[in-house]
Amino acid sequence: GGDRMSAPVIHRISLLPGGGAAAVPPAGISRRAFSHPGWIILAASLWRATAANLPLWLAMRELALFERPGGWLFAIAFGLIIAASLAGMVSVLAWRWTLKPVLAVLLMAASFGAHFMLAYHVVIDGAMITNALQTNPREVRDLLGPRFFASVGLLGVLPCVALWRWRVDYGRWPRRAVHNLLQAAVALLALVLLTLASFSPLASTMRNHKELRYLVNPLNAVYALGKLASGPQRHNGALQPLGLDARGAWPPAARPPLLVLVLGETGRSGNFGLNGYGRDTTPELARRDVASFRNAWACGTSTAASVPCMFSGLGRDGFEARKHDTEGLLDVVQHAGMAVLWVDNQSGCKGTCDRVPSVNTANLAHPQLCPDGECFADIMLDGLDERIAALPAERPRQPEPPRPPADGEDEPAKLAPEERPPFDFGVRVFGALDAAALPKPAPGFGAGGSLQGGPWRGELLGLYFPDQTAFV
């Protein structure tokens, strides 16, 4: 009579197709707990703002930003600002057929970005996105490894698995539309309040360390893609001709002149022993007593940005601000009557050689020079003599009418031959001269662009442009 009896706890079991069963939460726990789309958006946003932004937090630690007063509070506020931005961006897409796919894409993008920023110490901007979109399968294969799969698996795949297993109750579409707007408004309000609360350290940090903005993952990739998509589509317009009046300035000779220009990648001038680096990294070049242009700068760190720019006549600022594409150095040389051949062992010339004969050796089969299907640079020399011998000694020139000036463009000044200044293309027509005898570079060629590296002798082939087009 005095014994206390405990009531049994009964869990309901729902049968699944095929004989399986799924446990239903006890009556004390709501089946709708955490099923609102806002919860999955919040969880995914916090994960990307924290774990997937490890490169950003490490960079801020290296800059000693956490050591100043209030540094950790600023870091927390900065992380919440990133999370609020991500949540607000996804909230308007919180529909049954879009929410999980969008979150999965952003999670995978964040995992890719975190890996490459950590492994290669790069930032994600428009140039990097362009370079990634133009990367060929062989280059992608070289980037894959255990560290890549570990990073992507931890930061992207596992969260995506949890994402797809998360039960979400979307409700009817009118209610969902209202909730989406409310979620976006709450995220925007949180973003504004957090920005105002941390405005002073945030503004100071972004002003003094602009590179940090390109480490905010994956907003950096989203911004870069949006900028590329909304940018001017220069390739839709007609290609503007250049140097149609170019003429060769070399003396008549039995054999036509031959100029070989070798373009290499992934080499910093500051790491060349020839230019004063601590280790002798260029002993072969030093023995050949070559000239080194120490004040030459690339337009970018990617092939897609640097190669077309260096062959244009615009310089970096002009190339980035151009409203239409124009012909480049190879076209001008061809207009001057010289035969041109481009030999490539990489992912293409990025439009530079589209109008001249070209050969791609990257996929040739050679037992010694192309082991495992990847060709070394030496493959470009294989059969080069035959390719050069096959070039025509002369290219017949057809006179072409001058291009009329475009709207708003001034008519170019017509100078008599005796009034024309010397040709200015960075190099001019010289015989065997010492470096000291070279004339000073023209404006636009680059400040202090002098030849350095000791006595220099050689034959340079130049072109003359009556319209004085200056190439950098």
Main chain of [Y], side chain of [X]: is a donor-acceptor contact present, judged purely on distance under 3.5 Å?
X      : Y      : result
Arg387 : Asp382 : yes
Thr98  : Leu93  : yes
Ser204 : Ser200 : no
His366 : Leu369 : yes
Arg322 : Gly318 : no
Thr281 : Gly273 : yes
Thr205 : Leu202 : no
Asp169 : His36  : no
Ser312 : Gly328 : no
Asn217 : Ala52  : yes

For a 4.5 angstrom cut-off between non-hydrogen side-chain atoms, does [X] reach [Y]?
X      : Y      : value
Phe272 : Tyr277 : no
Met117 : Leu215 : yes
Thr352 : Trp342 : yes
Gln240 : Glu327 : no
Trp47  : Leu155 : yes

- Message: I'd like to know whether Leu80 forms a side chain to side chain contact (heavy atoms under 4.5 Å, CB included) with Leu191, so could you lay out the CA-CA distance, the side-chain angles of the two residues, the decisive distance to 0.1 Å, and finally the verdict.
- Response: CA-CA 8 Å; Leu80 292 176; Leu191 175 63; over 6 Å; no
- Item | Partner set under side chain to side chain donor-acceptor pair (under 3.5 Å) for Asp125, not counting sequence neighbours | none
- Task: Tell me, please, whether Phe319 has Arg316 positioned over its six-membered ring: NZ or CZ under 6.0 Å from the ring centre and within 45 degrees of its axis?
- Result: no
Just how far is it from atom [atom1] of [X] to atom [atom2] of [Y], taken to the nearest 0.5 Å?
X      : Y      : atom1 : atom2 : answer
Thr361 : Asn345 : OG1   : CG    : 3.5 Å
Leu329 : Leu261 : CG    : CG    : 7.5 Å
Leu86  : Leu103 : CG    : CG    : 10.0 Å

- Apply the test side chain to side chain contact (heavy atoms under 4.5 Å, CB included) to residues Val260 and Val262: give CA-CA distance (whole Å), side-chain angles for both, the deciding distance (0.1 Å), then the verdict. CA-CA 6 Å; Val260 179; Val262 180; 4.2 Å; yes
- Would the number of heavy atoms belonging to other residues, nucleotides or ligands and lying under 6.0 Å from CZ of Arg61 be above 12? no
- How about Glu211: does its CD atom have over 12 heavy atoms from other parts shown lying under 6.0 Å from it? yes
Heavy-atom pair of closest approach, residues [X] and [Y]:
X      : Y      : answer
Ala184 : Val92  : CB-CG1, 4.0 Å
Gln334 : Pro357 : OE1-CD, 3.9 Å
Leu56  : Leu212 : CD1-O, 3.9 Å
Ala305 : Cys299 : O-CB, 4.0 Å
Ala94  : Tyr170 : O-CD2, 4.1 Å
Val168 : Pro37  : CG1-CG, 3.7 Å

- Task: Could you tell me which residues satisfy ring-ring contact (aromatic ring centres under 6.0 Å, His included) with Phe74, sequence neighbours excluded, listed by chain and number?
- Result: Phe78
- Task: Let me see the working for Asp344 and Ser358 under side chain to side chain contact (heavy atoms under 4.5 Å, CB included), right down to the final yes or no.
- Result: CA-CA 8 Å; Asp344 197 302; Ser358 60; over 6 Å; no
- Going through the checks in order, is the salt bridge (Lys or Arg N to Asp or Glu O under 4.0 Å) test met by Glu284 and Arg288? CA-CA 7 Å; Glu284 296 296 330; Arg288 292 179 181 271; 5.2 Å; no
- Task: Tell me yes or no: between the side chains of Asn180 and Ser91, is some donor less than 3.5 Å from an acceptor?
- Result: no
- Should the ring pair His115 and Phe148 be called parallel, tilted or perpendicular, given that the plane angle runs from 0 to 90° and is split at 30 and 60? perpendicular
- Aromatic rings Phe66 and Trp57: how do their planes relate, parallel, tilted or perpendicular, breaks at 30° and 60°? tilted
- Message: Val123 vs Asn220, test: side chain to side chain contact (heavy atoms under 4.5 Å, CB included). Steps then yes/no.
- Response: CA-CA 9 Å; Val123 296; Asn220 48 7; over 6 Å; no
